[in-house]
Amino acid sequence: MLNEPYYILGLDPGIASCGFALIDTANHKILEMGSHLFDAPQEDKTKVSLAVGRRSARSARRNNARTKNRQKHCLKLLKAQDLVPEEAEKEWLQSKKGDSPIIEVRVAGLDRVLTDREFAQVLYSLSGRRGYFPNGEGDGKDADDDSGKVLSALAQNDKELKESGCRTIGEFLLQKGRSRNKAGAYEYCVRNTQLIDEVHKIFAAQRSEGNLKASKEFENAYIENITWRAVSVDYDDLVYSRVGACSYFKEEKRAARADLSFELCRAYEKLGHIVMVDSEGNESSLTSDQVSGYVLKLFSTKPKSVKYSAIRKDLDLSATTFFKGIEKDQENKTNVVEAKVWSLLAKRLPEELLQRMLDDRDFADDVLEAVTFASSKESLENQLADMRLSEEELEAVLGLPYASKLFKGYGTRSRKALGILLDAFVEADVHTLIDAERETGLLDLRLDKERNERTVLLPPYEAYDPTCSNPVVLRAMGRMRRVVNSIIKIYGAPHEIHIEVGRELKQSKHEKDLVSKRNRQNQQNNKIWAKTIADIRGCEVEDVTGKDLLKYALREQQNQRDAYTGDPINLERMILEDHYCEIDHILPYSRTCEDSRDNKALVLGSTNQNKRERTPYEWMTQDVGQGAPSWEEFKARVLANGNYRRRKREHLLNTLLDSEVEGKFLARNLNDTRYMSIAIKDYLESTLLFPEKGPKTHVLAVAGGATSALRYSWGLNFGADSTKDRTDDRHHAVDACVIAACSASAVKKVAQARSLGKEAFKRARESRLADTQPWETFAEEVIEQREKVVPTRLVNHGVTGRAFEETNYRFDGFTDDKKKLALLYGNGKLVKKGNAYLGKEGNAHIVDGMAFLRLWLDPDANKGKGKWYADPVYYADIPALRNGSYIPKAIKAHVARVNCESVPPEAQALPPLVLFRGDVVEVDGVRARFMGINIASVSLEFEAISPNGPADFIPTFGKWNKGTKVRIVQEDCLGHCHKAWLQEILSED
């Protein structure tokens, strides 16, 4: 090298990839360039997040286990009372022909003596359906969508039950005509307390009618059984153990965000950062006394908001003086800082308790830490046991929505550090956080801590942030760490690291004005709508929720009609009946994770249930003649509605939502990437030991719009019409090169060009950005190096996964031809399958996922030429494989796997070649990625690992013999394992 190297590492992190590039700007070289891939956290078939499926399955397993244990214990109680024969099983209690429905028997038990079997049936049924338990959602305003729907349904049922005059919830449900909810519906939800009340009334009625088996002791034992809940303290302790260390004091845990100290400290920071600019450009800030005065307004037993307009009035500021960063017309609408937790406490807690909390901040923090810690009422009661609370105060604290977002999460500072900072904020010369840190010595402590913790290689992300439990983030961070550390081991730490952050670039004044105008109009509309909603509902305007306003806005946008059917939506019913109409994701959220307003529509409840997880096009074309609207009529209504934005119209009229289109819509990709990019920046800056040479800020967060403009300007888009080719995984590597080359000056030029406005920017883009390359031939070298990139992939070598498809089939023998396939009946259809698991009772399931493929070689077979046997091992086979009962099967074309012969002992004498999906395999010098096996034809499926290395040169599996050279290539994340092989291919070309 002619010059001392200066390394810049570019990273393009995502939820399923990490593009990387290392450039030496001093010597004008691209040293590393590649794409490292890993599986996205979603189901291959449905594209639904893996976490959703696992969470749902885990929750279902737990609920089923609890219900099973509860009913098992209930059956013991029933046998002990001689209501059920000792030798009887639960099937004895199932309804038989001629039996009355259980719901009718429940009501009958209030007026007559029940037979032993009827009484047992009622109690056993109730033990399996014990109703809703409150879980800290409060009044539902801070609950998630599903919890809010449940609470709304419960409130409606409470009202109707009271008006109906029914004695029990069972009698009420019988009157309504059904007692079970359909999928996605909640109108028949009942409270546990209502069921307990019914149990008490049934027992009392039975005793009054002379039923000697309905004793008070039996009643108490039964109530104890159906109200039992798992203790959550151990779970809460586990969660709290993951809270990270304080930024200043390593031995101290971080304080909860709900703590009074946390909100006070944030208020001092926000107020201290207010800057007022007079007509001459002179800047000034609030004095310490003024800040303290506003803090007292925010934190009192009757808190008041602090708006910029109030500060203007208090300080008698001239009309020419403005607040930095705040539009003049927004001063009366913008709070300087919001103390959301304290505002909630002021509404819910007694004034005397509020004053005690203000007078004793440690006491307040103890209470709020307890609320944050607890995940159940019992756990919260346990935490509050020694806090000197009266019965009235305790009841008020227990009524807080401890499961809401307000009481979730921890900050970065401990209570000890917050106390020190708050003591400093009352000093005359302390205005900002940095001032408070300097005054108290915490700044040196923090910087020393950061310096002491820096390492040559990146530590695991879990060690940096123990509070992170998001598996998507942890996986992406782990792969990014592997890439960065691999590069550091070869070249040493880079001087700079550039990462891409998905955020908007500088907007022109005209664009800003348009945004401000739109926001002002929205605020005016919301004010009018909130007043209308409050009048109809008979509540305060402050009680109107964002969801209410969104429904109103969507209804107005849709001309007061159902977005899909065109049926009118009644305003009063929409406001008063939560289940009357619902907000639907036009393109299903489970498939696109698109949660913007442009993907939301207001529809009637029945419409939402009929559409299900489908697009409007899929629903209307699949359910023709089954009540679905006409697609052509719907399309005409959409096109005629001038209120729809272009993007929303595209969502409504989308006719193709395949895997490729879903990938474009996955908003979670963008959201996680944005979050990860910011997290990566902090992670790298705080932990990595950078060379002394270089800028003060070693990590630069590059805006995605800037790299997009540079990539286009430099001719580095390889798709049609100079767009990015996202079908080629090498685009991550190209992006990383551009990110690495995107200097602060280049970003500034892009931002300045964007300030011209969208159209002017397009016209001036090439001339404005022509001289932004780090060296003259940079783009040419990127194009050349791109041909040498082989994307690498993290291969999952785990052996756990879904064993079977969900449908349960009836097995009806095998076909009588040579194929010998299994005949299966299910969902009214006959299917022929070669990969079915046959149960003992005539049932069958189709095997789902393959764990790995084993290839066995018998070198002496086929007259000495040798023969390979394929033995796919599925997730369903893993238990047998582990206990030693699994028999390797040599699959045969068009023959059910259960009928295939076992792998010959001669082949089993040698160890098999084990292939996992995604492994790179080299067969006779040709490399390709193994993607699976077609068991119907016994053919291995491969895909090319590079456009320069086609997979179709690999001989078919049936032609393999003992002379076929087969090996698994161990990939490294940088792709160095492919360099020599690819160079040979390129030289041959």
Side-chain angles (χ1 to χ4, degrees), residues 60-133 166-175 177-181 188 190-230 808 810-811 839-843 845:
R61 286 195 302 270
R62 289 173 177 171
N63 286 334
N64 290 339
R66 292 176 188 134
T67 300
K68 183 178 179 180
N69 289 335
R70 195 165 58 246
Q71 292 197 299
K72 182 179 179 181
H73 185 65
C74 177
L75 187 59
K76 289 183 179 180
L77 287 175
L78 297 175
K79 290 181 178 180
Q81 296 298 317
D82 201 23
L83 289 171
V84 175
E86 185 63 35
E87 69 281 359
E89 299 295 336
K90 61 181 181 180
E91 289 75 17
W92 187 84
L93 294 164
Q94 293 178 352
S95 295
K96 301 176 182 178
K97 186 175 182 180
D99 288 349
S100 298
I102 298 297
I103 188 69
E104 293 183 5
V105 180
R106 283 166 59 179
V107 177
L110 300 172
D111 301 310
R112 66 169 175 83
V113 176
L114 298 176
T115 66
D116 286 355
R117 185 167 179 271
E118 287 178 329
F119 195 19
Q121 282 182 309
V122 168
L123 297 179
Y124 190 79
S125 173
L126 290 174
S127 71
R129 186 193 180 198
R130 58 177 185 167
Y132 168 83
F133 279 92
C166 294
R167 293 168 292 177
T168 65
I169 191 66
E171 190 171 19
F172 172 71
L173 293 174
L174 178 62
Q175 189 181 87
R178 62 178 295 129
S179 60
R180 295 283 183 178
N181 286 313
Y188 298 104
V190 300
R191 301 182 190 276
N192 175 261
T193 52
Q194 292 171 329
L195 291 177
I196 297 303
D197 177 68
E198 180 175 359
V199 169
H200 285 309
K201 289 180 178 178
I202 291 174
F203 268 91
Q206 290 300 298
R207 284 196 293 269
S208 67
E209 294 290 337
N211 189 336
L212 299 179
K213 294 183 179 179
S215 66
K216 194 66 178 177
E217 294 75 18
F218 178 32
E219 179 180 353
N220 293 336
Y222 178 78
I223 293 295
E224 181 180 357
N225 177 48
I226 65 172
T227 56
W228 180 89
R229 300 182 73 190
N808 186 27
R810 186 184 82 235
F811 173 61
K840 296 179 180 179
E841 300 177 357
N843 65 324
H845 284 84

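Treat the numbers as computed from the prediction; the structure is a model and nothing was measured.
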Looking only at non-hydrogen atoms, find the nearest pair between [X] and [Y] and report the distance.
| X | Y | value |
| --- | --- | --- |
| Gly170 | Glu198 | N-OE1, 3.2 Å |
| Pro85 | Lys79 | O-CE, 3.7 Å |
| Val84 | Ala120 | CG2-CB, 3.8 Å |

Can you measure from [atom1] ([X]) to [atom2] ([Y]) and round to the nearest 0.5 angstrom?
| X | Y | atom1 | atom2 | answer |
| --- | --- | --- | --- | --- |
| Gln94 | Ser125 | CD | OG | 12.0 Å |
| Thr115 | Glu118 | OG1 | CD | 3.5 Å |
| Gln121 | Leu83 | CD | CG | 11.5 Å |
| Leu126 | Arg106 | CG | CZ | 4.5 Å |
| Ile169 | Ile103 | CD1 | CD1 | 9.0 Å |

Practice task
Decide side chain to side chain contact (heavy atoms under 4.5 Å, CB included) for Leu78 and Leu93; before the verdict, give the C-alpha distance in whole Å, the side-chain angles of both, and the deciding distance to 0.1 Å.
Solution key: CA-CA 11 Å; Leu78 297 175; Leu93 294 164; 4.3 Å; yes
When you measure from the side chain of [X] to the backbone of [Y], do you find a donor-acceptor pair of N or O atoms at a distance under 3.5 Å?
| X | Y | value |
| --- | --- | --- |
| Asn225 | Arg70 | yes |
| Gln194 | Val190 | no |
| Tyr124 | Cys74 | no |
| Thr67 | Asn63 | yes |

Handout entry: side-chain hydrogen bond (donor to acceptor under 3.5 Å, both in side chains) partners of residues 208-218, not counting sequence neighbours, each pair once
Key = Asp116-Lys213, Gln206-Asn211
Practice task
Mind running side chain to side chain contact (heavy atoms under 4.5 Å, CB included) on Ile226 and Leu123 for me, showing each step along the way?
Solution key: CA-CA 10 Å; Ile226 65 172; Leu123 297 179; over 6 Å; no
Practice task
Not counting sequence neighbours, which residues clear side chain to side chain contact (heavy atoms under 4.5 Å, CB included) with Lys201? List them please.
Solution key: Leu110, Thr168, Asp197
Handout entry: Within residues 85-100 or reaching into it, pairs that qualify as salt bridge (Lys or Arg N to Asp or Glu O under 4.0 Å) - sequence neighbours excluded
Key = Asp99-Arg117
Practice task
Could you name each residue pair satisfying ring-ring contact (aromatic ring centres under 6.0 Å, His included) that touches residues 68-109, not counting sequence neighbours?
Solution key: none
Problem - Pairs flagged by ring-ring contact (aromatic ring centres under 6.0 Å, His included) wherever residues 190-212 is involved - sequence neighbours left out - result: Phe119-Phe203, Phe203-Phe218
Problem - Partner set under salt bridge (charged side-chain N to carboxylate O under 4.0 Å, His left out) for Arg207, not counting sequence neighbours - result: Glu219
